[in-house]
There are 2 protein chains.
Amino acid sequence: MPDRPRRIPEATVARLPLYYRALVEMAEQRTPTVSSERLAEMAGVNAAKVRKDFSYLGSYGTRGVGYDVEYLLFQISRELGLTQDWPVVIVGIGNLGAALANYRGFSARGFRIVALVDADPAKCGKEVGGLVVEPLADLPRIVAERDVAIGIIATPAAAAQEVAGLLVSAGVTSVLNFAPTVIAVPPGVSLRKVDLSIELQILSFYQQRRDEAAEGRRVAFGGLT
Amino acid sequence: MPDRPRRIPEATVARLPLYYRALVEMAEQRTPTVSSERLAEMAGVNAAKVRKDFSYLGSYGTRGVGYDVEYLLFQISRELGLTQDWPVVIVGIGNLGAALANYRGFSARGFRIVALVDADPAKCGKEVGGLVVEPLADLPRIVAERDVAIGIIATPAAAAQEVAGLLVSAGVTSVLNFAPTVIAVPPGVSLRKVDLSIELQILSFYQQRRDEAAEGRRVAFGGLT
DNA sequence: CCGACCTTGTGACCAAATTCTCAAACTCCC
DNA sequence: GGGAGTTTGAGAATTTGGTCACAAGGTCGG
């Protein structure tokens, strides 16, 4: 048993998947070793950060050489829990839920979508991405029988909190929320959120700042209107 | 002209959309004022953070009373650039791109999808979410004619960097990348990314930690297998 | 108009994350 | 085997973000 109780900073955890992706690519090209600099470039961060991040996992590199791609890939996979596969349920099969159900990137990383659930009886029974949509009432049974640990919420905002509650009482301990609302989960349950329009709003903020700055310069320098 | 060169921390900018959403909700209920505490609850943060965040924007509250919902909403909208509407182009009309094209949450915040673009000739001419898919070759013209400032990339990873380049040379200065790969844009262009499987991987990390901890306890206490 | 009560705004402190820096440790070539 | 060249690992310094605590400034009832 390795010495587990190392504490890995959240910011580092959030970058591990980037390194993972870069390493998978290197492994596919049969590159035996990689430097922190090269890896940094591929992951879009800087080299010092890469090395510091890896130092939290352990000393897996060799000075003067770099990191062994296969070995590091294994260590990161293990750390991220990607050596096993995780049964996932998606609740809310609208446009977004259906797109997620069809998304190939999940299964590639060991996330296996085992059930699609929707409250709308009209949607139940339909097939989406190779699975039949099941009624919300069956959620507890589905989670228990198929050993689901991760739930994805892709419902409208109004239903999200209720669904989160159902997921948690059914036994799900990790929740990914796509609904544009804040939801609460009890301690001991992980929650992450993805909000599409928030990302656009952040872009809008900086975009507007640039536009204003440009406007300011144009006026200041007395350019033509 | 307000005193603009206030520097607003990135972390604060990322939370403004949360406050915005909460305030819209309060405004709909005709609530005239709101305290930092109430707002904190709705946005899922703590009250001190709310007040500190608002203090970067200016002193818009009244001691002993709280914040005027309408006024604060206006200030935040203005700050986020939501008082104007932003023409958006989506490149890559697969499952995800189509879901985004149909997503109602964008238009509700002033993001108007004005074009859908795909490299696949088979997809061009088809209608998705009320728009006809146009060929990638027309991107420069589309961006110029429709004054597009924001581009969304929803292509496969392999095409993302090339599309980013096309968007930027066409004049787009804000890019939201859904493709599971790192892309580079020149300075002066904003880039944000949403990676669906990365979020799951982060959940997987913590999920696995919990499972291991539970396992450790079970073994340590000599529970039944 | 006064005193009890609320709630903001912010300075001071604390924690987390990032960057800098360089000794240590390795390879490779001669 | 020794010296030049690489590259890691990690302590120190810096920057950024978060929390605390409370004075300042407001309301409101009497």
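Chain identifiers are assigned alphabetically (A, B, ...) following the order of the sequence lines, protein sequences preceding nucleic acid strands; residue numbering begins at 1 within each chain. Keep in mind it's a predicted model, so treat the numbers as computed, not measured.
How far CG of A:Leu39 is from CE of A:Met26: 8.0 Å, rounded to the nearest 0.5 Å.
If you check every strand for non-hydrogen atoms under 4.0 Å, A:Phe54 touches nothing. Using a 4.0 Å heavy-atom distance criterion, B:Arg15 is classed as a sugar-phosphate-only contact. Using a 4.0 Å heavy-atom cutoff across all strands shown, A:Glu10 reaches sugar-phosphate atoms only and no base atom.
Note: CG (B:Leu57) to P (C:dT10) measures 12 Å, nearest angstrom. Rounding to whole angstrom units, CD of residue B:Glu37 and P of C:dG9 are separated by 15 Å. Between the C1' atom of D:dG18 and the CD1 atom of B:Ile8 lies a distance of 17 Å, rounded to the nearest Å. Residue B:Lys52 contributes atom NZ, which lies 10 Å from atom C1' of C:dC13 at whole-angstrom precision. Taking atom CG on A:Asn46 and atom P on C:dT19, their separation rounds to 5 Å, with Å as the unit.
For B:Gln207 and A:Thr173, the side-chain atoms include at least one donor-acceptor pair closer than 3.5 Å. Using a 3.5 Å distance cut-off with no hydrogens or angles, the side chains of B:Thr12 and B:Asp53 do pair a donor with an acceptor.
For the OP1/OP2 pair of D:dT19 and a distance below 4.0 Å, the side-chain nitrogens and oxygens of B:Lys49 include at least one atom meeting the criterion. Proximity of B:Tyr56 to the phosphate of D:dT16: no side-chain N or O atom is located under 4.0 Å from OP1 or OP2. For A:Ser36, no side-chain nitrogen or oxygen approaches OP1 or OP2 of D:dT7 to under 4.0 Å. The side chain of B:Arg7 contributes no N or O atom lying less than 4.0 Å from OP1 or OP2 of D:dT15. Dashed line: the shortest gap from a side-chain N or O of A:Arg51 to OP1 or OP2 of C:dT21 is not under 4.0 Å.
Evaluation of the ring-ring contact (aromatic ring centres under 6.0 Å, His included) test over residues 27-71 of chain B, restricted to residues two or more places apart or in two chains, returns B:Tyr19-B:Phe54, B:Phe54-B:Tyr67, B:Tyr60-B:Tyr71.
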